[in-house]
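Notes follow the structure.
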Amino acid sequence: MPEATQRFFDHQPESVQAARDFTTHTLAAWGLDNTSDIRLVVSELATNALTHGSDAEHGFLVRLEPDDGGIRLEVHDNRDAQNPPPKPGNPSPEAEAGRGLLIVAALAARWGINPRDPRGKIIWSYFPPPATPQTVREDWTC
């Protein structure tokens, strides 16, 4: 089983693409190729980390870890623990923002928020292993 890996990203818009590329390359190196849900979630969480979770002096960290045959994705930021934790919103159809955690909740099997010492939070998501296809028997006679 591969070992967990992580990378720090600077507080700049280009870091969202860099985090997605890091995730794509890591999962491919682990032999996983159907990773579109994980890549979309890392994009959403990285965007949230830049927009809401970190300041200009601090970036964010992405950690990928094999877990029970699936993948655990974490995005660490330095958001002040005194602020209320983020929750999925209920944006209007016209709203241009506010759907990130709804996307995370829809695509990940589980997700949550943990405090980070000495400051900040970790938003994690879990993606189970892909289902194995059923074997189709071709020797049936009618």
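Starting from 1, each residue takes its place in the sequence as its number.
The salt bridge (charged side-chain N to carboxylate O under 4.0 Å, His left out) check on Arg20 picks up nothing, with sequence neighbours excluded. Partners of Ser15 under the side chain to side chain contact (heavy atoms under 4.5 Å, CB included) rule, at least two apart in sequence or in another chain, are Phe9, Asp10, Gln12, Phe60. Residues satisfying the side-chain hydrogen bond (donor to acceptor under 3.5 Å, both in side chains) criterion with Arg63, sequence neighbours excluded, are Gln6. Scored by the side-chain hydrogen bond (donor to acceptor under 3.5 Å, both in side chains) test, His11 finds no partners at all (sequence neighbours excluded). For Arg72, the side chain to side chain contact (heavy atoms under 4.5 Å, CB included) test picks out Glu65, Asp67, Glu74, Trp124, with sequence neighbours left out. With sequence neighbours excluded, the residues forming a side chain to side chain contact (heavy atoms under 4.5 Å, CB included) with Pro128 are Ala109, Tyr126, listed by chain and number.
Grouping the Ile, Leu, Val, Met, Phe, Trp and Tyr side chains by contacts below 4.5 angstrom, directly or via other members, places Ile38 with Leu101.
Pairing each heavy atom of Val16 with each of Ser43, the nearest pair is CG1-O, 3.8 Å. Scanning both residues, Phe22 and Thr5, for their nearest heavy atoms gives CZ-CG2, 3.9 Å. Between Phe8 and Gly59, the shortest heavy-atom distance links the atoms CZ-N, 3.4 Å. Of all heavy-atom pairs spanning Leu64 and Thr23, the tightest one is CD1-CA, 3.8 Å.
Side chains of Phe127 and Thr35 form no contact here, defined as non-hydrogen atoms less than 4.5 Å apart.
Of the inter-residue distances, the one linking Leu73 atom CG with Thr26 atom OG1 reads 10.5 Å to the nearest 0.5 angstrom. If you take CG on Asp77 and CG on Leu45, they are separated by 9.5 Å, rounding to the nearest 0.5 Å. Atoms OG and CD1, on Ser125 and Ile103 in that order, are 12.5 Å from each other to the nearest 0.5 Å. Put simply, CZ on Arg39 and OG1 on Thr24 are 4.5 Å apart, with the number rounded to the nearest 0.5 Å. The CG atom of Asn78 sits 5.0 Å away from the CZ atom of Arg119 when rounded to the nearest 0.5 Å.
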Show me the side-chain donor-acceptor pairs of residues 27-34 shorter than 3.5 Å, one per line, residues at least two apart or across chains.
none

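Of the possible polar contacts, one joining the Ser54 side chain to the Ala49 backbone as a donor-acceptor pair under 3.5 Å is found. With hydrogens and angles disregarded, no donor-acceptor distance shorter than 3.5 Å links the side chain of Arg116 to the backbone of Ile122.
At a cut-off of 3.5 Å, with distance as the only test, no side-chain donor of Glu44 or Asn48 sits close to an acceptor on the other residue.
Just one residue in the list Val62, Val104, Thr47 forms a side-chain contact (heavy atoms from CB on, under 4.5 Å) with Val42, and that residue is Val62.
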